[in-house]
Enquirer: 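Pasting in a structure now, in structure tokens, and then I'll have a few things to ask.
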Amino acid sequence: MKVLVTGGLGFIGSHTVIALFDAGYTPIILDNLSNSSRRVLTQLTKITGNEFEFYEGCISDRALLSTIFSAHKIEGVFHFAALKAVGESTVQPLSYYHNNVSHTITMLEVMAKHNIAKLVFSSSATVYGDPQYLPLDEKHPISATNPYGWTKVMVERILQDYCTANSDALAIALRYFNPVGAHPSGQLGESPNGIPNNLMPYIAQTAIGIREQLNVFGDDYDTHDGTGVRDYIHVQDLVAGHVDAFKHHVKDVGFHPYNLGTGQGYSVLDMVAAFSQSAKCTIDYKICPRREGDVASNFADASKAKQYLNWQATHDLKAMTDDSWRWQTNYPKGLE
Ligand code: WQD
């Protein structure tokens, strides 16, 4: 069964390509290389032994999408292609709404023309805004605190309305908590452009000496050690959730949101300590003021995915930091 993976050379997309291939699917990759590199394709072949069909381009290119959908019997689309930096979204909101929302609408229109009715959407726990209770379940009110988060809220709303209007449509929204780690082969992982926004890649680059010191954004939160607590989930667990969700719902219709998290929160200093174990080195850090927009704690109630998809995270914190460190040491500068 052929599926299209948009953003298939990105961090989550590329790991999903491997998981789909291993599950017997034929992933076709579409990526505009705005935040990834063709070298990921080489790594995908190195890991799987398979040459993947790749199209360079944007999901907003109607002609290109039609070419792909005419050339391949696509059963479903795994949609990762989006801009994803919270800070950047506050500075360039129009670019985020254009890329993440209107381009998705264009893709949905072309999918409809080609009778492709199944979509797995890369959503985010950021759609819960400031948590009103914890752990976060799928019934928590939806809102956002930044344009990036609003683009995820809007696309989910669009998908719900689309499924209401089209009785054969299926849309699965997977709400990621904090994806970390790397493929166990050490041949694929996160390659952030420039200075990493996220904690784990910053810690990894500090451990290997690319960064001087980690800035810990605040140690005065109401948490066990004062630093921010998040639900870090190994990318391999995350992508397994995509395959399990598609397999479970492939004959269904309607809109189905799921949290993909571990249910376990770790603080910044917990992550620093765990990474120090993996890298067998001290991670230098300094306590700085809180980062605008951060919340104290955020972690998942993932029981719905367990109940309906029979999915749960299986990789522990040591696996997250071991796999991240292996990738960082193999490719200190990522895949240029
Ligand atoms: C984690 C913790 C920081 C960097 C973001 C997006 C979210 C999702 C995941 C896309 C916080 C602290 C961080 C640093 C630090 N992305 N920190 N020093 O903000 O929970 O979530 O990425 O869907 O939408 O919002 O992740 O890794 O940036 O921060 O102290 O250099 O680490 O304060 O407590 P976040 P993060």
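What's counted below: heavy atoms across the whole structure, side chains too, no hydrogens, waters or symmetry copies. Start at 1 and go down the list; that is how both ligands and their atoms are numbered.
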Enquirer: Can you find a side-chain donor-acceptor pair between Asp219 and Thr227 that sits under 3.5 Å?
Expert: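 Absent: no donor and acceptor within the cut-off.
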Enquirer: Quick test of your reading of the structure: of Arg175, Arg230, Met200, whose heavy atom lies closest to atom 20 (O) of ligand 1?
Expert: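 Heavy atom nearest to atom 20 (O) of ligand 1 belongs to Arg230.
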Enquirer: Can you check whether His242 and Tyr176 have ring centres sitting under 6.0 Å from each other?
Expert: yes
Enquirer: Compute whether any side-chain donor of one residue and acceptor of the other, for Tyr232 and Gln264, lie under 3.5 angstrom apart.
Expert: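 The answer is no; no qualifying pair exists.
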Enquirer: State whether a side-chain donor-acceptor pair under 3.5 Å links Asn35 with Asn193.
Expert: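 Side chains of Asn35 and Asn193: pair found under 3.5 Å.
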Enquirer: Below 4.0 angstrom from a heavy atom of Val216, which ligand 1 atoms are there? Numbered from 1 as shown, please.
Expert: 30 (O)
Enquirer: Of the choices Tyr285, Tyr232, Phe177, which has the non-hydrogen atom that lies closest to atom 8 (C) of ligand 1?
Expert: Phe177
Enquirer: Does any N or O of ligand 1 fall below 3.5 Å from an N or O anywhere on Lys84, backbone included?
Expert: no
Enquirer: In the protein, which heavy atom is nearest to atom 15 (C) of ligand 1, and how far is it?
Expert: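 Answer, as residue, atom name and distance: Phe217 CD1, 3.4 Å.
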Enquirer: Just to confirm my output: which protein heavy-atom neighbour is closest to atom 9 (C) of ligand 1, and how far is it?
Expert: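 Checked against all protein heavy atoms, atom 9 (C) of ligand 1 sits closest to Asn178 ND2, 3.9 Å.
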Enquirer: Going by atom types alone, do Tyr258 and His249 pair a side-chain donor with an acceptor below 3.5 Å?
Expert: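 The answer is yes; a qualifying pair exists.
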Enquirer: Check whether any side-chain heavy atom of Tyr25 lies under 4.5 Å from a side-chain heavy atom of Val243, and answer yes or no.
Expert: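 Yes - at least one pair of side-chain heavy atoms lies under 4.5 Å apart.
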Enquirer: Using a heavy-atom cut-off of under 4.0 Å, does the side chain or the backbone of Tyr176 touch ligand 1, or both, or neither?
Expert: neither
Enquirer: Evaluate the ring planes of Phe78 and Phe80, with Trp represented by its six-membered ring, and classify them as parallel (under 30°), tilted (30 to 60°) or perpendicular (over 60°).
Expert: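 Rings of Phe78 and Phe80: parallel, under 30°.
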Enquirer: Between Thr227 and ligand 1, which part of the residue brings a heavy atom under 4.0 Å of the ligand: side chain, backbone, both or neither?
Expert: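 Contact part for Thr227 vs ligand 1: neither.
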Enquirer: Using heavy atoms and a 4.0 Å limit, tell me yes or no: is Tyr266 in contact with ligand 1?
Expert: no
Enquirer: For ligand 1, note which part of Asp294 has a heavy atom under 4.0 Å away: side chain, backbone, both or neither.
Expert: side chain
Enquirer: Looking only at protein heavy atoms, identify the closest one to atom 19 (O) of ligand 1 and say how far it is in Å.
Expert: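 Atom 19 (O) of ligand 1 sits closest to the protein heavy atom Arg291 NH2, 2.9 Å.
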Enquirer: Can you check which of Asn197, Asn215, Asp231 brings a heavy atom nearest to atom 4 (C) of ligand 1?
Expert: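 The option holding the nearest heavy atom is Asn197.
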Enquirer: May I ask you to say whether Arg175 pairs ionically with Glu138, meaning some side-chain N is under 4.0 Å from a carboxylate O?
Expert: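 Salt bridge absent between Arg175 and Glu138.
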Enquirer: Among protein heavy atoms, which sits nearest to atom 16 (N) of ligand 1, and what does the distance come to when rounded to 0.1 Å?
Expert: Tyr148 OH, 4.3 Å
Enquirer: Considering heavy atoms of the protein only, find what lies nearest to atom 12 (C) of ligand 1 and give residue, atom and distance to 0.1 Å.
Expert: Val268 CG2, 3.7 Å
Enquirer: Which ligand 1 atoms, with their elements, are less than 4.0 angstrom from a heavy-atom of Ser124?
Expert: 23 (O), 24 (O)
Enquirer: Heavy-atom distance under 4.5 Å between the side chains of Phe52 and Val5, does that happen here?
Expert: no
Enquirer: When Arg326 is tested against each of Thr329, Asp323, Asn330 for side-chain hydrogen bond (donor to acceptor under 3.5 Å, both in side chains), which residue passes?
Expert: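 Of Thr329, Asp323, Asn330, side-chain hydrogen bond (donor to acceptor under 3.5 Å, both in side chains) with Arg326 is met by Asp323 alone.
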Enquirer: For atom 25 (O) of ligand 1, which protein heavy atom lies nearest, and how many Å away is it?
Expert: Val86 CG2, 3.2 Å
Enquirer: Which residue and atom name correspond to the protein heavy atom nearest atom 5 (C) of ligand 1, and how close is it?
Expert: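 Among all protein heavy atoms, the one nearest atom 5 (C) of ligand 1 is Asn198 ND2, 3.6 Å.
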Enquirer: Both conditions, 6.0 Å and 45 degrees, for the charged tip of Arg290 above the ring of Tyr221: are they met here?
Expert: yes
Enquirer: Taking 4.0 Å as the limit for heavy-atom contacts, which would you say applies to Val229 with ligand 1: side chain only, backbone only, both, or neither?
Expert: neither
Enquirer: If you have a sec, work out which protein heavy atom is nearest atom 27 (O) of ligand 1 and how many Å separate them, to one decimal?
Expert: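 Checked against all protein heavy atoms, atom 27 (O) of ligand 1 sits closest to Leu199 N, 2.7 Å.
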Enquirer: Answer with yes or no whether the side chains of Asn146 and Tyr96 bring together a donor and an acceptor at under 3.5 Å.
Expert: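 Absent: no donor and acceptor within the cut-off.
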